[in-house]
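I have placed the structure first, in the form of structure tokens, so that the comments after it can refer back to it.
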Amino acid sequence: MIALFWICALVAIASGIWTISSRQPVHSVVGLIVNFAALAVLFLTLNADFLAMMQIIIYAGAILVLFLFVIALLTIGAQPIEQGPGRLAFQAAPSVVAGLAALLVMSAGLRVAWSQSASAPVLDLGSVATFGQQLLTTHVFAFEVTAFILLIAIVGVILMAGRKELRF
Amino acid sequence: MNPTLALLITTAIKAGVLIFIVVTSFAYLMLFERKLLAWFQLRVGPIWCGPWGLLQPAADAVKLVLKEDLTPATADPFIYKIAPALAVLTALMAYAIIPFGTFPDGTPISIANPNVGILFLLAMSAVGVYGIALGGWSSQSKWPLLGAVRSTAQLISYELAMGLSIVGVLILAGTTDLHGIVSAQSAHHVWYVIPQIVAFVIYGITATAETNRAPFDLPEAETELVAGFHTEYSSLRFGTFFVAEYVNMITVSAIGTLLFLGGGDGPFVSVVPWLSILWFLVKVAFLLFIFIWLRATLPRLRYDRLMAFGWKVLLPVAALNLLVTAAFVALRGHGT
């Protein structure tokens, strides 16, 4: 099991680096697919079966397909490998600050997680029934807020796409 | 021996045997299809290779292997080479969890039986689109790109209605575990095709669209797109796409059998448990026959009609079916 963790962790990091460093946008999408697959296997090693499947269905199966859809249409015929993207200015300072902030949040999170590990309630989050139960009882407020945010996005899309027909 | 290692080795052997069986049945599915299509059109079909054309798949395989493997000069070589492998990988992954029947002691005959079974199958079908999308894009020419874009839009649209039609069955069975769904059907003494007939029809239509079969074979519409997403592919790479399409067809038939036709349930199974494998295979073959029948009978849809049908007819009907099923189960307090 621990070997599986190390393999997946290394694959996830390598594919993440590939995603941000490749010159060809479609290669970045492929890197991200590999990254999501490795993450899904990591969820499986934590007995979070349902989360692993959702990771694949929603992120790898739906969201990234749309990324690919748009990128494939925009980059056809272009030769971005030779041209390469323009370099962003002032990268060093913000990236150091963001990196330090991420390190701080991660170490704080790990400290909290490790200090609670003995007393934390053990939930069988892998099974679909427990996950659904928790989602619609304990976390129902977050669930409803997320649904509301998605609703706003849908209304926004309809408004922007059909502006000529819809006069309010 | 180390138990983890032993588990790894037995799983690898099971997977190897299963892949061999699936790929062989793909070869004979192709012959079955050509024979049936021929009979539908009053022809005889392949007859020259072996008795009754039985060696035709072997001849086709040899022909494909010996062809030259071309890569267009403008193609993205890396993606172009991995796309067919991705397609066949996701197609074969589904067989990790499909139960082919029941052992005499009541356990399922499958490599694994996770409690998220049906979600795993949906995940593999969702990821399966990358083979087509990346293959079409990486060829860097217009027909493959159009085919890939069409296929992506089609698969995303029909996946929703398919998911909703499956949820009705999950509510009746009260589980997402494939073996559990099959046992629930034999425990309730009813195959879900009867209470969920609407869902079964929607599943059938969306499964045809998901596997890019006629009348939904828009991604490779010969009259408009040459050969769609695999126009530039030749030799074994073309063959790999071909394998993926037919293996997917067997997969969706197997899922339809498990969800709606009671899996390995049938006469005399309680007396001779091994018969469950036979009933399962008979039902899968029946659904495959319907696939081929549809191809021989129906003309291809126009692209805008296909999209309108998916979003404006299938999705609302599937949602309504789900609502009625959920209300029924909630009012009764339990499944069928």
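Reminder, nothing fancy here: chain letters follow the sequence lines and each chain counts from 1. Bear in mind that the values here come from a model prediction, so they are computed numbers and not experimental data. What you see below is based on every heavy atom in this structure, not just the backbone, and it leaves out hydrogens, waters and symmetry mates.
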Item to check | From CA spacing to verdict: side chain to side chain contact (heavy atoms under 4.5 Å, CB included), B/L134, A/V30 | outcome: CA-CA 9 Å; B/L134 289 174; A/V30 175; 3.9 Å; yes
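- No more than 12 heavy atoms of other residues, nucleotides or ligands sit less than 6.0 Å from atom CZ of A/F67.
- Heavy-atom distances place the side chain of B/V129, and not its backbone, under 4.5 Å from chain A.
- For a residue to count as touching a neighbouring chain, one of its non-hydrogen atoms must lie under 4.5 Å from one of that chain's; by this rule B/F120 touches chain A with backbone and side chain alike.
- Separation of atoms CG (B/L121) and CE (A/M53) is listed at 9.5 Å; rounding is to 0.5 Å.
- Contact residues of residues 57-64 of chain A toward chain B are A/I57, A/A60, A/G61, A/L64 (heavy-atom distance under 4.5 Å).
- When the candidates B/V127, B/T176, B/L155, B/V149 are compared by the number of heavy-atom contacts under 4.5 Å with chain A, B/V149 comes out ahead.
- For the side-chain contact (heavy atoms from CB on, under 4.5 Å) test with B/W137, the passing option among A/V26, A/I71, A/V29 is A/V26; the others fail.
- In terms of non-hydrogen atom pairs under 4.5 Å with chain B, the most contact-rich of A/I56, A/L66, A/V65 is A/V65.
- With a 4.5 Å cut-off on non-hydrogen atoms, B/I156 touches chain A through its side chain but not through its backbone.
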